[in-house]
Amino acid sequence: MKVEKSDIFVGERLLVKEASFNIEPKMLNLLIGNNGVGKTVILDKISDLDNNRPKEFIDFPNKKDIIYQTQGAGFIDEVTVATTLKLFGEMAGVDLVHDSSLPEMISRNLNARFGNLSGGEKRFIIIWSSLQIPRKLYLFDEPFANLDPYHVEQLMTLFYDELEKGKTILLTTHQFEGLVPEKTHITHIANQAIDFDGTMNDFMTHHGANLQSVLKEIAS
Ligand SMILES: Nc1ncnc2c1ncn2[C@@H]1O[C@H](COP(=O)(O)OP(=O)(O)OP(=O)(O)O)[C@@H](O)[C@H]1O
C-alpha cells in the first residue's frame with residue numbers, strides 16, 4: 001500500500017504537497033507531525049470515508065476491508081463489557097468473551113458496565129476488540145491520546161503483538177515512548193510535505209543530534 005505524489009487537500013486548501021509514502025505490512029506504521037498538518041485528513045482518505053479516495057492512493061483495500069477507529073470514538077455506555085465483546089465477536093465471527101487470549105484487563109471487567117470504565121480501559125477494550133475482526137488494514141487516530149503510561153504500554157504491546165500475526169496497522173500519534181525502532185515505520189509530515197518516510201531507525205539517524213527536539217515539537 002502506498003501513496004504516490006498526491007496533493008492532499010481539505011476543500012480548496014492544500015495541506016501536503018506531492019505526498020509520497022508507504023504503509024509497510026508487519027510494521028507499526030506511524031503518521032506523525034504537528035497538530036493540524038493533515039494526519040486525520042489522510043486517514044479519512046485512506047479509509048475512503050467519502051467514497052472519493054484519490055487515484056494516487058495505490059493498492060489500498062476496499063473500504064469494507066478496513067477498520068477505522070476515529071479520535072475519541074466510544075461505545076454503548078449502558079451495556080456490559082461482556083455484551084460489548086459479544087457484539088464485536090459477531091462482527092469477527094468468533095466468541096470473544098471466551099477467547100483464551102482475552103487480556104486480563106478485559107476479563108476482570110466482563111461484568112462491568114462499559115460506561116463505568118476509565119477512559120483508558122474503554123479505549124483498550126475497543127481497540128483490542130477491533131483488532132479481533134479480520135480486516136486487511138487497521139487505522140487508529142491518536143489511540144494513545146490522554147492515556148496514562150500504564151495504558152500506553154498495554155496498547156503498545158497489543159499493537160506489536162498483533163503485527164506479529166501479520167496485520168497491517170497505521171496510526172497517528174504524538175507519543176513516542178515504548179516504540180520498537182526496528183518494527184516501526186515513520187511517515188513525518190512537516191512544512192506541507194512528507195519530511196521523512198522510512199524505518200524508525202533511519203528516522204533517528206536522519207535527525208541525529210536534533211532528534212529530541214524534533215520529537216518534542218511533534219509531541220507538544
Ligand atoms: N472537513 C473539514 N473542513 C475544513 N477544514 C478541515 C476539515 N477537516 C480538517 N480540516 C482542517 O484541515 C487541517 C488538518 O486537520 P487534521 O485533523 O487532518 O490535522 P491532524 O494532523 O490530524 O492534527 P491533530 O494532531 O491535531 O489531530 C486542520 O487545519 C483542520 O482544521
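Order of appearance sets the numbers: ligands from 1, and atoms from 1 within every ligand. The model shown is predicted, which means the values in this text are computed figures rather than measured ones.
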List, pair by pair, the atoms of ligand 1 and of the protein that are both N or O and lie under 3.5 Å apart, giving the separation rounded to 0.1 Å.
residue  : atom   : partner : partner atom : Å
ligand 1 : 18 (O) : K39     : N            : 3.4
ligand 1 : 18 (O) : T40     : N            : 3.1
ligand 1 : 18 (O) : V41     : N            : 3.0
ligand 1 : 21 (O) : V37     : N            : 3.2
ligand 1 : 21 (O) : G38     : N            : 3.0
ligand 1 : 21 (O) : K39     : N            : 2.9
ligand 1 : 21 (O) : K39     : NZ           : 2.9
ligand 1 : 22 (O) : T40     : N            : 3.0
ligand 1 : 22 (O) : T40     : OG1          : 2.8
ligand 1 : 23 (O) : G36     : N            : 2.8
ligand 1 : 25 (O) : N35     : ND2          : 3.2
ligand 1 : 25 (O) : K39     : NZ           : 2.7
ligand 1 : 25 (O) : E142    : OE2          : 3.4
ligand 1 : 25 (O) : H174    : NE2          : 2.9
ligand 1 : 26 (O) : N35     : ND2          : 2.9
ligand 1 : 27 (O) : Q71     : NE2          : 3.3
ligand 1 : 29 (O) : R13     : NH1          : 3.2
ligand 1 : 29 (O) : R13     : NH2          : 3.1

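- Donor-acceptor pairing under 3.5 Å is recorded for the side chains of D99 and S101.
- Note on ring orientation: taking the six-membered ring where Trp is involved, the planes of F60 and F57 are tilted (angle from 30° to 60°).
- Every side chain to side chain contact (heavy atoms under 4.5 Å, CB included) that N109 has, sequence neighbours left out, goes to V81, A112, L117, E121.
- Taking the six-membered ring where the residue is Trp, H206 and F196 present tilted rings, their angle falling between 30° and 60°.
- Legend: residues meeting side chain to side chain donor-acceptor pair (under 3.5 Å) with E217, ordered by chain and number and at least two apart, are N34.
- Within the structure, the ring pair (Phe, Tyr, Trp, His ring centres under 6.0 Å) test picks out the following pairs touching residues 79-107 (sequence neighbours left out): F75-F88.
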